[in-house]
2 protein chains.
Amino acid sequence: MALSHAILVAIAEMPCSGYDLSKRFAGSVGYFWYASQQQIYRELAKMEEQGYLSGTIVHQEGRPDKRLLTITEAGRELLCSWIATPTEVSPIKDDLLVKVFGGGQVSPSVLLRELQNHQNQHQVTLQTYRSIEAECFHQPVEVMPWDKRCRYLTLRNGIRYEESWLAWCEEAIAALNLETNVEANTNVEANTEVAVSRPS
Amino acid sequence: MALSHAILVAIAEMPCSGYDLSKRFAGSVGYFWYASQQQIYRELAKMEEQGYLSGTIVHQEGRPDKRLLTITEAGRELLCSWIATPTEVSPIKDDLLVKVFGGGQVSPSVLLRELQNHQNQHQVTLQTYRSIEAECFHQPVEVMPWDKRCRYLTLRNGIRYEESWLAWCEEAIAALNLETNVEANTNVEANTEVAVSRPS
DNA sequence: ACTAAATACTCACCTTGTTGAGTATAACGT
DNA sequence: ACGTTATACTCAACAAGGTGAGTATTTAGT
């Protein structure tokens, strides 16, 4: 039970079709719980069967019919009791950290490229978040309605997360550059260096 | 291909048995790519079959025999080429953020409890990381050998990550408390409030 | 009429992750 | 002798997630 919760949260916020949901999962909820379209449809079918959602076919002008999904009372109860149940902090699964941990296997320059790659990506995401903040949340927190304030807090988390990554990228790149200055003279290829720089 | 990389990184750092590996996945590599014992053994079997690892039975004094796993040349090449291949930033999957996003469904006090719960957990983890930093990485970065420096950087990332979460928890709790002061008078239960506080 | 694109949804297969139990060896305490 | 703990590893079943293709409907451009 995890994707189902993200779906409940999204449908509770605003009823929509499976197709719309998968679109919404590209932003908002999707920023901290992504799921593919196929995953969403599969989960929706299960949740409707279990009575947490109910769907009604809506005839539309100028486009195919859609099944509008709304949260049922059972669904809302499930959602609320899940929110109220204490959970453990979600574990991290991060490619880059695995790479850096095993960085001893490759040359500093190889790692540096990846760090810069990720630095760029985090910069772009941060910009996106900042734009959303400026457009949707320009009013002071005190006057925001309760549910909007909640959504704003998740955005604030995203901003802090990206800032934290960027600060670390700076630190890591600086720590690597202490090494690459020396290495610049040797001028070796990534895979050659692998064998060379190995301490064994 | 993801758990396999974390395994390669760990075995490359130091050859060990499957049992030892699963122990090591409780700390170090496991901090950013956890896997259960069963998952590890399953993956190890596959990787040995594919020739990325080779295992030899080692007779031990005073304990059962073990299969010591070492990385092969093929394994090291796979690892190095994976590290050198640019990747996308790993997506976030976070329970708490889903909860906060859907916080409009429950009363501020329910959310507050969960925030404090997570705040405590992050404090504990940060303490752990700081202890490791003090014990294992007290020397200045400039004099650390290359591979040690890499491992240190992952720890630094962990420290920043926890600090960032803690700062956000503070902010979120403050934003919630603007609300709970008002709510304290009404004195309602979580599930009752759900129906009451709903804006629909 | 034809094509491309957006909407709306489905099916099948495979890998990864989770749960829970089960086997065997040896040390250590009582 | 007996139970406990630590080491070392195995098996089975299922849920969750990822990949890729496929089917309609309707708009809009050429």
Side-chain angles (χ1 to χ4, degrees), chain A residues 1-8 10-11 15-26 29-30 32-50 52-53 55-69 82 87-88 90-95 98, chain B residues 1-8 10-11 15-26 29-30 32-50 52-53 55-69 82 87-88 90-95 98:
Chain A
M1 296 291 257
L3 173 55
S4 57
H5 299 130
I7 289 176
L8 284 173
I11 302 268
C16 64
S17 69
Y19 186 78
D20 292 333
L21 237 198
S22 77
K23 285 278 166 101
R24 285 170 66 193
F25 265 70
V29 215
F32 38 85
W33 205 288
Y34 174 77
S36 66
Q37 209 186 41
Q38 296 86 327
Q39 235 182 306
I40 289 168
Y41 274 112
R42 191 203 291 153
E43 196 65 32
L44 284 176
K46 206 194 292 175
M47 290 170 73
E48 209 183 329
E49 206 181 295
Q50 292 169 328
Y52 300 127
L53 297 176
T56 42
I57 289 164
V58 175
H59 296 278
Q60 296 182 108
E61 310 264 311
R63 37 175 86 171
D65 296 357
K66 69 173 176 185
R67 283 174 48 75
L68 187 79
L69 293 153
W82 172 71
T87 44
E88 298 267 293
S90 304
I92 306 170
K93 288 231 163 176
D94 197 285
D95 269 29
V98 177
Chain B
M1 297 292 258
L3 173 55
S4 56
H5 298 131
I7 290 175
L8 284 173
I11 301 268
C16 64
S17 68
Y19 186 78
D20 293 333
L21 237 197
S22 78
K23 286 276 167 101
R24 287 170 65 192
F25 266 70
V29 213
F32 38 85
W33 205 287
Y34 173 78
S36 66
Q37 209 186 43
Q38 296 86 327
Q39 235 181 307
I40 289 168
Y41 274 111
R42 191 208 286 158
E43 197 65 32
L44 285 176
K46 206 195 293 175
M47 289 169 74
E48 210 184 328
E49 207 182 295
Q50 292 169 328
Y52 300 127
L53 297 176
T56 42
I57 289 163
V58 174
H59 297 277
Q60 297 181 111
E61 308 265 310
R63 36 174 85 172
D65 296 357
K66 69 173 176 183
R67 283 175 47 76
L68 186 79
L69 293 153
W82 172 70
T87 43
E88 298 268 292
S90 303
I92 306 169
K93 288 231 164 175
D94 196 285
D95 269 31
V98 177

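A quick note: this is a predicted structure, and the numbers were derived from the prediction, not measured. To find a chain, count down the sequence lines: A is the first, B the second, and so on, and within it residues start at 1.
- The one candidate from A/Asp95, A/Ile92, A/Asp94 that meets the side-chain contact (heavy atoms from CB on, under 4.5 Å) condition with B/Trp33 is A/Asp95.
- Per the geometry, NZ belonging to A/Lys93 stands 11 Å off P belonging to D/dG18, to the nearest Å.
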* Asked: Passes side-chain contact (heavy atoms from CB on, under 4.5 Å), B/Lys66 versus B/Asp20? Steps please.
  -> CA-CA 10 Å; B/Lys66 69 173 176 183; B/Asp20 293 333; 3.7 Å; yes
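- OP1 and OP2 of C/dT16 both lie 4.0 Å or more from every side-chain N or O belonging to B/Gln39.
- With rounding to whole Å, B/Tyr34 atom OH is found 12 Å from C/dT19 atom C1'.
- Not a single donor-acceptor pair under 3.5 Å links the side chain of B/Tyr19 to the backbone N or O of B/Gln37.
- Atom CD in B/Gln60 sits roughly 17 Å away from atom P in D/dA6 (whole-Å rounding).
- B/Gln37 comes within 4.0 angstrom of a base, heavy atoms only.
- Contact annotation: A/Lys46 side-chain N/O to D/dA16 OP1/OP2 distance is under 4.0 Å.
- For a distance-only test at 3.5 Å, the side chain of B/Arg42 fails to qualify as a donor-acceptor partner of the base of D/dT10.
- The heavy-atom pair separating A/Cys16 from A/Arg24 by the smallest distance is SG-NH1, 3.4 Å.
- Close to D/dT10, at under 4.0 Å from its OP1 or OP2, lies no side-chain N or O of B/Tyr41.
- One can place CG of B/Asp65 at 12 Å from P of C/dA27, the figure rounded to the nearest angstrom.
- When all heavy atoms are compared, the tightest approach of B/Leu3 to B/Phe25 is CD1-CE2, 4.1 Å.
- Within the nucleic acid shown, B/Arg67 comes within 4.0 Å of sugar-phosphate atoms alone, with no base atom in reach, counting heavy atoms only.
- A/Ser17 comes within 4.0 angstrom of sugar-phosphate atoms only, judged by non-hydrogen atoms across all strands, and of no base.
- Considering only side-chain N and O atoms, B/Lys23 lies under 4.0 angstrom from the phosphate OP1 or OP2 of D/dT7.
- Within the structure, every side-chain polar atom (N or O) of A/Lys66 is placed at least 4.0 Å from both OP1 and OP2 of D/dT25.
- Side-chain nitrogen and oxygen atoms of A/Gln38 include none within less than 4.0 Å of the OP1 or OP2 phosphate oxygen of D/dG20.
- Contact check, A/Tyr19 against C/dC9: no side-chain N or O comes under 4.0 Å of OP1 or OP2.
- Between the C1' atom of C/dA8 and the CD1 atom of A/Ile40 lies a distance of 13 Å, rounded to the nearest Å.
- Rounded to whole angstrom, the span from the CD1 atom of B/Ile57 across to the P atom of C/dT25 amounts to 14 Å.
- Atom P of nucleotide C/dG17 and atom CD of B/Glu43 are separated by 8 Å, given to the nearest angstrom.
- The distance from atom CH2 of B/Trp33 to atom C1' of C/dG17 is 12 Å, rounded to the nearest whole Å.
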